[in-house]
Amino acid sequence: MPTLSVIVSGPAPLGRFRACLDSLTTQHSDALDLVVAVPGDDPAALALAARRELADPQLTVLTVPAGTTAAAARATAVRSARGQYVQFLDPATDRLPAGAADALAERLLSRRAPAPDVLLCDHLTAHWWDPAVPSAATDLLTSAPATTTLADHPELLDVPPLLGDRVIRRGLLTEHPGLLDTDGHDALYLSYAVLLLARTAARCGTAALVRHRDRPTQPGSGAATPLAVFGQYEALHQLAVAADAPAAVRARLYDRMTADYLTTLARREELPPALIGEFFGRAARHTAEYRPAGHPRPGGLDGVRHLLLARNLPLGYRLLRTANDRRRAARSLAGAAAGRAAAARTALRRRIALARPLDADLAVFSAYWGRGAACNPAAIAAELAELAPDIRQVWVVEAEHAELLPPGTDHVVPGSRRHAEVLARAKYLVNNVNFPDGVRKRPGSVHIQTHHGTPLKHMGVDLHDHPAAARGLDFDKLLERVDRWDFSLSANPHSTEVWQRAYPSGHQSLDYGYPRNDVYYRATSADVRAARARLGLAPGTRALLYAPTHRDHEARPVPRLDLHHLAEELGEDTVLLVRGHYFHAPDPWPAGSRGVHPRVLDVTGWDPVEDLALAADALVTDYSSIMFDYANLDRPIVLLADDWDTYRAVRGVYFDITADPPGPVARGQDELTAVLTDGGWCDEAAAKLRHDFRLRFCAYDDGRAAERVVRRVFLGEGEESLPPVLPLARRTPAPTPEEAAREAAPVANQEASR
C-alpha cells in the first residue's frame with residue numbers, strides 16, 4: 001500500500017494544470033499514489049491527464065461530471081485513493097517541490113514518532129513577483145512540538161487554511177464521512193475540521209513541502225461567493241461543540257473567524273458593493289453569537305473595528321473607514337498641488353457618471369492607446385455593426401489621430417467630459433491594450449481584452465525579471481487593470497496559456513481566433529489586386545514585406561540591413577515594403593535610411609497593416625508578432641535572426657523561434673540574400689516549416705473570429721451555437737498576388753478583344 005495519495009481536483013488553466021502534474025510526476029517516489037479528478041467539460045485537461053496516465057503507472061485519472069463541486073470531486077477521488085494518507089492539491093494554485101513526496105513519506109513512516117492523524121507542513125507562497133516567499137506559518141510550525149494535540153496547542157489553528165498543507169490519515173476521513181462530499185464544505189472548512197477532529201497533529205520538519213500560488217480573483221469571475229464563508233464557520237463552530245473542543249480551541253477558532261471577516265471587509269476590491277451590507281450584517285451576528293464569555297477584544301484600531309462589527313454598527317464602521325481614507329488621501333495629495341484642480345474635475349465627472357445606470361446599448365472601443373480604429377477592436381466593431389446595429393459605438397482616440405478616423409465615426413478624446421461619461425456608463429469596453437487606471441469595473445459591465453499579437457517575448461508579470469524590457473512598469477497597477485477583464489481573446493493554445501500566466505486574474509479565455517485575421521480568409525482576388533494597386537505594385541512584381549520589431553535595449557532603431565544593397569541584389573522585379581515599429585513613430589528609421597532606393601518603399605505609416613500583408617508575396621521579419629498573423633496566408637516567411645541571443649536575454653522569450661521557425665532562418669544579410677535569391681524562401685522545406693508553424697499558431701483563425709466574439713459576448717449566445725473552428729486543412733486563405741493576377745488576366749483579355 002502506498003504511503004501517500006496526492007489528490008488533484010478542481011478547475012485550472014491548462015498551463016497551471018500542466019505545471020501541477022509536472023511537479024507530481026517528477027517526484028519519483030515509490031511511496032506515492034496520484035489521483036487526478038478532471039472535469040468532463042475540460043477536453044484539453046482530460047487529454048493531457050490521459051497522456052500522463054499512460055506514461056506513469058502511479059497516476060489514476062478520474063473524469064467527474066461538469067459542475068461537480070470541489071467537495072464532491074475530493075470525495076470521489078478519495079474513494080479511488082490507495083494511500084494510508086491523503087493530500088489535496090488545487091491544480092490552479094499548488095505544486096510539490098522536488099523531493100517533497102519522499103520527505104512526507106519519511107516522516108509518516110518514522111519509527112521515532114507516532115503516526116499522526118494530521119501532518120502539517122509548511123509552504124512557500126509564490127506570488128508573481130517572487131517565486132519563493134516563506135509562509136506566515138513558518139515560525140509557528142518551527143516552534144510547535146513535533147507531535148502534539150490541538151488542545152495543547154490551539155495556535156495550530158493559525159496555520160493558514162490551505163488544504164495542501166495538511167496530510168490527512170485516510171482513516172480519519174472514513175471515520176467522519178461528513179468531512180467530504182458535503183454541500184458547502186469547502187477548503188476552509190476541511191482545513192480546520194480535520195484539526196478539530198484529529199487525536200494528534202504533527203509537523204513535518206522545517207522544510208516547505210508545498211508551493212502555493214496566491215493570486216486573488218476578480219469579483220464575479222466564477223469563484224465562490226464571499227458569503228459562502230459564513231456557512232463554513234457555522235459548521236465549524238457546531239463541530240467544535242460536538243467534538244467537545246476545549247474553551248481555548250473554540251476561542252482560537254473565534255479569533256480566526258473574526259480576523260477573516262475584518263480582512264474581507266478591508267479588502268473592498270474583493271467584495272462586490274452589492275454584498276457589503278449583507279456581509280457586514282452576517283459577520284456582525286457571528287461576531288456576537290460565537291464570542292466566548294469574557295473573551296477579550298484586540299487593542300488599538302483593530303479593537304475599534306472589532307467592537308463596531310460586534311455591535312452591528314455599519315454606519316460607524318463606514319465613518320471610520322472614510323476617515324482613514326481621507327487621511328490617506330490627504331497624505332498622498334500633500335506633495336501634488338499641481339494638477340489637483342484638473343484631477344478633481346475628472347473625479348467629479350466620473351462620480352457623476354458612475355451614479356447613472358449602465359447604458360446596455362453602448363460599446364466603447366480603443367486600440368493602441370488611442371491611435372485610432374484598428375486591430376482586433378476595429379474588426380469586432382465592424383462585425384457588431386452588422387449583427388447588432390442597435391448597439392452604439394464610440395471610439396476613444398487621441399486628438400492628433402481623430403482626423404484619420406473613417407467618416408462618421410463617433411469618438412471621444414481622452415480627458416474630455418464625454419470621455420469620462422462613456423467610460424463610466426458603457427456596458428461593453430473593448431481594447432487591445434488596457435484602459436486607463438481610473439476606469440472603474442462596474443457590476444454588469446463587460447471588459448474584452450483582445451490583445452494585439454501572439455506572444456513570443458515575455459509579457460505582463462513575466463517581465464518582472466527583465467528590467468530593461470519592463471522599464472519601470474508598475475506591476476501592481478497592471479494587475480489592477482487586468483482584474484477588470486471579463487474576456488481575453490486568443491488565437492492559439494500557446495497564447496491562451498501565456499495570457500493566463502502573464503496576466504493572472506479571473507478572466508475567461510475566448511479561444512476564437514483574432515478578428516483582425518478574418519480578412520486573410522475573406523479577402524478575394526480583387527481585394528489583393530486593389531491592395532497592390534494602392535501601393536503602386538505592378539503585376540508580376542515580387543513584393544517583400546520587411547517588418548522588424550522593437551528592441552528594448554536600443555534607444556533608437558538600429559538598421560539591421562543595408563536596404564539599398566539588398567534591393568540591388570534582389571533585382572528589378574523585387575520591391576521591398578519596409579514597415580518600422582510604431583514605438584519609434586513618427587521617425588522609425590535612422591537618418592539616411594529613407595529613400596535609399598526606388599524599389600524600397602517606406603510603409604511605416606500605412607494602415608491597415610493587413611493591406612500590406614495581402615499585397616506581399618512574402619514576409620521578412622525578425623521576432624515581430626506579425627509573423628503569426630501573416631502565417632494565416634500560407635505565404636513564405638523568412639526570419640532574420642542576427643541578434644537572437646541578445647534579444648532573448650534582454651526581453652525573455654517563451655520559446656526559441658529559431659528552433660521552431662515559420663520558414664528559413666538567416667543569421668545576417670548575406671544569408672538572407674542567398675535565401676531570397678536561390679529559391680530557399682519558397683521551397684518544400686520552407687513549406688513544411690510553415691505548415692507546422694500554422695498548425696501551432698493559427699489554430700483558431702479561420703475567418704469567423706469576429707462573428708464568434710459578437711455572438712457570444714454582445715448577443716449572449718451559448719458556445720454550442722457558435723460556428724465551430726474549421727480544421728486547418730479545410731481553410732482557404734486569400735489568393736496570393738500571383739493567383740490574383742492570373743484570375744484577372746482572362747477578364748483583361750476579354751475586354752481587350754472587344
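Keep in mind that the numbers below use all heavy atoms, side chains included, and drop hydrogens, waters and symmetry copies.
Looking at every heavy atom in both residues, Arg440 comes nearest to Pro273 through NH2-CG, 4.2 Å. The heavy-atom pair separating Pro11 from Pro91 by the smallest distance is O-CG, 4.5 Å. Between Pro515 and Ala705 the shortest heavy-atom distance is N-CB, 3.7 Å. Heavy atoms only, all atoms of each residue included: Arg704 and Glu707 are closest at NE-OE1, 2.9 Å. Nearest heavy atoms, Thr454 versus Ser495: CG2-OG, 3.5 Å. Of all the heavy atoms in Ala37 and Val64, the pair that sits closest is CB-CG1, 4.1 Å.
Screening Glu383, Glu386, Glu717 against Arg711 for a salt bridge (Lys or Arg N to Asp or Glu O under 4.0 Å) leaves a single residue, Glu717.
Pro272 is listed as a side-chain neighbour of Pro226, based on a closest heavy-atom distance under 4.5 Å. Put simply, the side chain of Asn431 does not reach to within 4.5 Å of the side chain of Leu429, judged on heavy atoms. Two residues are said to be in side-chain contact when any heavy atoms from C-beta on lie closer than 4.5 Å; Leu188 and Asp260 meet this criterion. At least one side-chain heavy atom of Pro504 sits under 4.5 Å from a side-chain heavy atom of Val461. At least one side-chain heavy atom of Val396 sits less than 4.5 Å from a side-chain heavy atom of Pro414. Under the 4.5 Å side-chain criterion, counting only non-hydrogen atoms from C-beta, Asp486 is in contact with Lys441. No side-chain heavy atom of Val713 sits less than 4.5 Å from a side-chain heavy atom of Ile380. Counting heavy atoms from C-beta on, the side chains of Pro493 and Leu14 never come closer than 4.5 Å.
Using modelled atom types, no side-chain atom of Gln393 and backbone atom of Leu362 make a donor-acceptor pair closer than 3.5 Å. Between the side chain of Asp511 and the backbone N or O of Ser490 there is no donor-acceptor pair closer than 3.5 Å. At distances below 3.5 Å, not a single donor-acceptor pair connects side-chain atoms of Arg712 with backbone N or O atoms of Tyr512. Of the possible donor and acceptor atoms, one in the side chain of Thr287 sits under 3.5 Å from a partner among the backbone N and O of Ala283. Looking at Asn492, its side chain never comes within 3.5 Å of a backbone N or O of Cys698 through a donor-acceptor pair. In this structure, the side chain of Tyr654 engages the main chain of Met459 through a donor-acceptor pair within 3.5 Å. With hydrogens and angles ignored, the 3.5 Å screen pairs no side-chain donor or acceptor of Asp518 with any backbone N or O of Ala379.
For Phe230 and Phe279, the ring centers sit closer than 6.0 Å to each other. Aromatic pair Phe487/His447: ring centres not closer than 6.0 Å.
The distance from atom CG of Leu715 to atom CG of Leu722, rounded to the nearest 0.5 Å, is 10.0 Å. Note: Ile626 CD1 to Glu610 CD = 8.5 Å, rounded to the nearest 0.5 Å. A distance of 12.0 Å separates CG of Asp410 from CH2 of Trp395, quoted to the nearest 0.5 Å. One finds the CD atom of Gln500 at 8.0 Å from the OG atom of Ser488 (value rounded to the nearest 0.5 Å). One distance of note links NE2 of His212 with CG of Leu162; it measures 5.0 Å at 0.5 Å rounding. Atom CG of residue Asn432 and atom OH of residue Tyr514 lie 9.5 Å apart, to the nearest 0.5 angstrom.
Using a 4.0 Å cut-off between charged nitrogen and carboxylate oxygen, Glu421 and Arg417 do not count as a salt-bridge pair. With respect to Asp474 and Arg481, no salt bridge is recorded, no charged nitrogen being found less than 4.0 Å from a carboxylate O. Under 4.0 Å is where a charged nitrogen must lie from a carboxylate oxygen, and between Asp701 and Arg731 no such pair does.
Residue pairs meeting the salt bridge (charged side-chain N to carboxylate O under 4.0 Å, His left out) criterion with at least one member in residues 275-290, sequence neighbours excluded, are Glu278-Arg282.
Under the rule for a side-chain hydrogen bond (donor to acceptor under 3.5 Å, both in side chains), Arg442 has no partner lying at least two apart in sequence or in another chain. Residues that satisfy the ring pair (Phe, Tyr, Trp, His ring centres under 6.0 Å) test with Tyr233, not counting sequence neighbours, are Tyr261.
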* Could you walk me through whether Leu404 and Val397 pass side chain to side chain contact (heavy atoms under 4.5 Å, CB included), step by step? => CA-CA 10 Å; Leu404 301 177; Val397 182; over 6 Å; no

* **Check against side chain to side chain contact (heavy atoms under 4.5 Å, CB included), Leu236 and Met257** => CA-CA 10 Å; Leu236 285 168; Met257 177 190 72; over 6 Å; no

* To do: Quick one: do Arg501 and Asp462 satisfy salt bridge (Lys or Arg N to Asp or Glu O under 4.0 Å)? Show the steps, please.
  => CA-CA 8 Å; Arg501 165 182 165 176; Asp462 289 339; 3.1 Å; yes

* Show your reasoning for whether side-chain hydrogen bond (donor to acceptor under 3.5 Å, both in side chains) applies to Asp629 and Tyr520. => CA-CA 9 Å; Asp629 302 321; Tyr520 296 142; 5.9 Å; no

* Stepwise side chain to side chain contact (heavy atoms under 4.5 Å, CB included) test for Leu227 and Leu275 -> CA-CA 8 Å; Leu227 302 179; Leu275 295 181; 4.0 Å; yes

* Asked: side-chain hydrogen bond (donor to acceptor under 3.5 Å, both in side chains) between His411 and Thr409: does it pass, once the steps are laid out?
  -> CA-CA 6 Å; His411 73 282; Thr409 302; over 6 Å; no

* To do: Mind running side chain to side chain contact (heavy atoms under 4.5 Å, CB included) on Arg74 and Asp186 for me, showing each step along the way?
  => CA-CA 10 Å; Arg74 285 192 290 267; Asp186 211 337; 3.9 Å; yes

* Going through the checks in order, is the salt bridge (Lys or Arg N to Asp or Glu O under 4.0 Å) test met by Arg708 and Asp702? -> CA-CA 11 Å; Arg708 294 187 189 98; Asp702 65 353; 2.6 Å; yes

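Aromatic ring orientation, Tyr503 versus Trp499: tilted (interplanar angle from 30° to 60°). Aromatic ring orientation, His451 versus Trp485: perpendicular (interplanar angle above 60°, classes split at 30° and 60°).
Between the side chains of Tyr368 and Glu398, no donor N or O sits under 3.5 Å from an acceptor N or O.
Heavy atoms from other residues, nucleotides or ligands lying under 6.0 Å from CZ of Arg522 number more than 12.
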